[in-house]
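In what follows, chains carry the letters A, B, and so on, assigned in the order in which the sequence lines appear, proteins first and then strands, with residues in each chain numbered from 1. As the structure is a computational prediction, the values presented were derived from the model and not from experiment. Keep in mind that the numbers below use all heavy atoms, side chains included, and drop hydrogens, waters and symmetry copies.
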Amino acid sequence: MSALLEVSGLRVRFNEKAEAVRGVSITVNKGETHCLVGESGCGKSVSALAVMGLLAKGGIRTADALSFAGQDLRGLTEGQMSRLRGDKMAMIFQEPMTSLNPAYTIGSQMAEVLVRHRGGSKRAALDRAAALLGRVGITAPGLRLGQFPHQLSGGLRQRVMIAMALMCDPDLLIADEPTTALDVTVQAQILRLLMELQAELGLAILLITHDLGIVARMAHRVSVMYAGKVVESASAEALFAAPTHPYTRGLLDCVPIPGKIARGAPLGSIPGTVPRISLGFQGCGFRDRCGHADASCAQDVPAQSFAEGHDYACRLPAGWATERAA
Amino acid sequence: MLAFLLRRLLLAVLVTLTVLTVSFALTRLSGDLAIAIAGPQATQLDIEIIRKAYGLDRPVIVQFFDWVWSAARGDLGRSYLYHEPVANLIRARLPVTMTLGLTGLLIALSTAIPIGIFAAMREGTVIDRAVMMVAVIGQAMPSFWLGLVLIITFGLQLGWLPISGVDSWDGYVLPGIVLAFSAIPALMRLTRSGMVDALASDYIRTARAKGLSRWSIVMKHALRNAAMPVVAVAAVQLGFMLSGSIVIESVFALHGVGYLGWESISKNDFPVVQAVVLFLAVIYILLTLLSDLLNAFLDPRLRTT
């Protein structure tokens, strides 16, 4: 599989004091789902916005490498970037209730994407919009085109957002917690839809989530983020089979798995909260919450490999978890 | 939508009735009208004759209902100064006031909205703060004073524009600017804050994620949402301008409805005072109603509920 999006050493800061993203590297291959997992505030959304060039005012992005479909994104102007966004790379967000413009109809908001990137008539764009609304499982698409966002439920709006993202047949879809604001049954429907669309269109998806259940269902590859860094990256099977970074292990311990945990046994938890990482911070960001930390964790963290394609950032040796259990 | 409209209409009628009562009461409270009309040299007999002629000898409550009933039928009484129906006086002067009001509104909107957008896009910078500072100063500036300054500068010293009267279109320029000045600060601040909110919203992030041009993001997606309160307030501001034209019209000697009102107050021509107050109030009420309707039209969330 060839890489569609390659990010290396991505850093984002919003002021002189704190760094939100501290050297993130992610590779998303064509047609695969890459899940970016972590707690709130770990920098996963900011990383995605930085890739799209959508950082809020004052956000400063640097990267060792940042390329999409072989094109270096670092030197692009806002105008050149806007030609890629919505066309080859699309994004959907966590808040379907507020992500659509309340003043324009669904049809008008969908059609303008195609007209902007591909030209053509509004009529033709509306036809494509109706077809896509049908594809994402919205009944009576012709009627919906003329409706305003407030006339639709949250689940429908997220479907509209997905259909809108597909207007120009993108290669990459970045989905920032697309189901967090929806109730559980709708969540399942949206996730199934994303998987179907991926199989059908060969779409690469960068899915941001804090929900390991979603990761287990959707991901081909997983990157676990903590305090602005990727601490472990592996294929989904490898990660769930042999979580190696203490933070990944801690996260998995927090999830109840029927049959695997003893009835009545307390569920795991990670003490404390994500620290604010100041500029020039050294060592492992997780060390204050980690049960295995020692003095050497305040120094540079070594990047290690558990196996081919399974990397983690911790001083502990690859087999530490299994050795201890044995 | 229909229920919304009916509710607003009912409210408008109630406000009109209140204005009727207040404008009637204020003219009676300012002293014995018959004495005031008759003037300082009048004898007791003159006063009695005038009292009878204007129906001021009847009980106040009868006078009130008589006036309300006549006003409802479009009869606003006769001016004792001009010996003409008040309705004719107002009708004759209306074009001047309307032209002035609309000129002022046009100048206000075409200045306030671009500056507001400009400031919003540079939120928090020195430019933004300077613009807002000017707005505060503008809001605090009395319009008669600004009028005189403009007359002295552009009328007398530079000689570019006429200082009074409206014999040609350029007579409306200076009074229009003065009138606009009273509305610009409010409209500008409203545009700015609306745009700041809109530009920080999720749907603007979506618009950027769609790769839309900067122009489309600002002028189509953000402005449409920011404009809703601006349009509503602009309609109300036009009401302010039309009634505020009492001061401007007297400074620039424009013979409009405001000038008529000012003149009749100083001459104690109470049927005209009552009628002008009522007339300006009704315009104000209608414009407020219009602003509600415009808001409902612009905001689809109001239209369908």
Side-chain angles (χ1 to χ4, degrees), chain A residues 45 48-49 51-58 77-106 108-118 146-151 157 160-161 164-165 167-168 170 173-174 176 181, chain B residues 1 4 113 117-129 191-232 294-305:
Chain A
S45 292
L49 290 171
V51 168
M52 288 287 284
L54 290 176
L55 287 174
K57 229 185 224 173
T77 63
E78 173 60 23
Q80 291 167 320
M81 211 43 218
S82 76
R83 286 288 167 189
L84 273 178
R85 284 197 299 257
D87 188 359
K88 289 288 151 216
M89 50 202 296
M91 185 164 181
I92 60 173
F93 302 96
Q94 186 179 348
E95 307 84 5
M97 301 312 278
T98 51
S99 288
L100 290 162
N101 192 328
Y104 293 99
T105 59
I106 304 301
S108 142
Q109 296 189 53
M110 288 182 72
E112 67 181 349
V113 187
L114 196 67
V115 174
R116 158 79 170 163
H117 295 293
R118 299 290 155 81
Q147 286 189 315
F148 288 94
H150 72 274
Q151 292 166 297
R157 288 190 214 183
V160 168
M161 285 296 291
M164 193 156 79
M167 280 301 277
C168 292
L173 175 68
I174 299 183
D176 186 0
Chain B
M1 184 66 197
F4 169 79
I113 291 177
I117 295 172
F118 181 79
M121 291 177 69
R122 283 157 189 76
E123 190 206 350
T125 63
V126 180
I127 299 171
D128 176 33
R129 259 169 286 171
T191 306
R192 179 190 169 276
S193 65
M195 284 300 285
V196 166
D197 286 350
L199 287 171
S201 68
D202 287 343
Y203 57 80
I204 290 302
R205 188 183 57 189
T206 305
R208 291 177 63 210
K210 281 152 72 173
L212 301 181
S213 66
R214 186 148 182 76
W215 176 264
S216 165
I217 289 169
V218 173
M219 301 312 261
K220 183 179 172 193
H221 284 273
L223 186 58
R224 173 65 183 268
N225 285 283
M228 289 178 207
V230 177
V231 167
L294 277 174
N295 235 356
F297 176 74
L298 282 175
D299 188 344
R301 283 164 297 189
L302 283 178
R303 207 182 314 162
T304 45
T305 46

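Of residues 196-204 of chain B, those residues with a non-hydrogen atom less than 4.5 Å from any non-hydrogen atom of chain A are, in numerical order, D202(B), Y203(B).
If you measure heavy-atom distances from M81(A) to chain B, you find no contacts under 4.5 Å at all. Contacts between L54(A) and chain B at a heavy-atom distance below 4.5 Å involve backbone atoms as well as side-chain atoms. Of the atoms belonging to D87(A), not a single heavy atom falls under 4.5 Å from chain B. In this structure, no portion of L114(A) lies under 4.5 Å from any heavy atom of chain B. Heavy atoms closer than 4.5 Å to chain B are found in the side chain of L49(A), but not in its backbone.
At least one side-chain heavy atom of M164(A) sits less than 4.5 Å from a side-chain heavy atom of T206(B). You'll find the side chain of Q109(A) reaches within 4.5 Å of the side chain of K210(B), heavy atoms only.
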Could you list the donor-acceptor pairs under 3.5 angstrom formed by side chains in residues 211-220 of chain B, with sequence neighbours left out?
from, atom 1, to, atom 2, distance (Å)
S213(B), OG, S216(B), N, 3.2
K220(B), NZ, E112(A), OE1, 2.8

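The CZ atom of R224(B) sits 5.0 Å away from atom OH of Y104(A), with the distance rounded to the nearest 0.5 Å. Separation of atoms CZ (R208(B)) and CE (M52(A)) is listed at 10.0 Å; rounding is to 0.5 Å.
For the set C168(A), G86(A), S99(A), A165(A), the count of heavy-atom pairs under 4.5 angstrom toward chain B peaks at S99(A).
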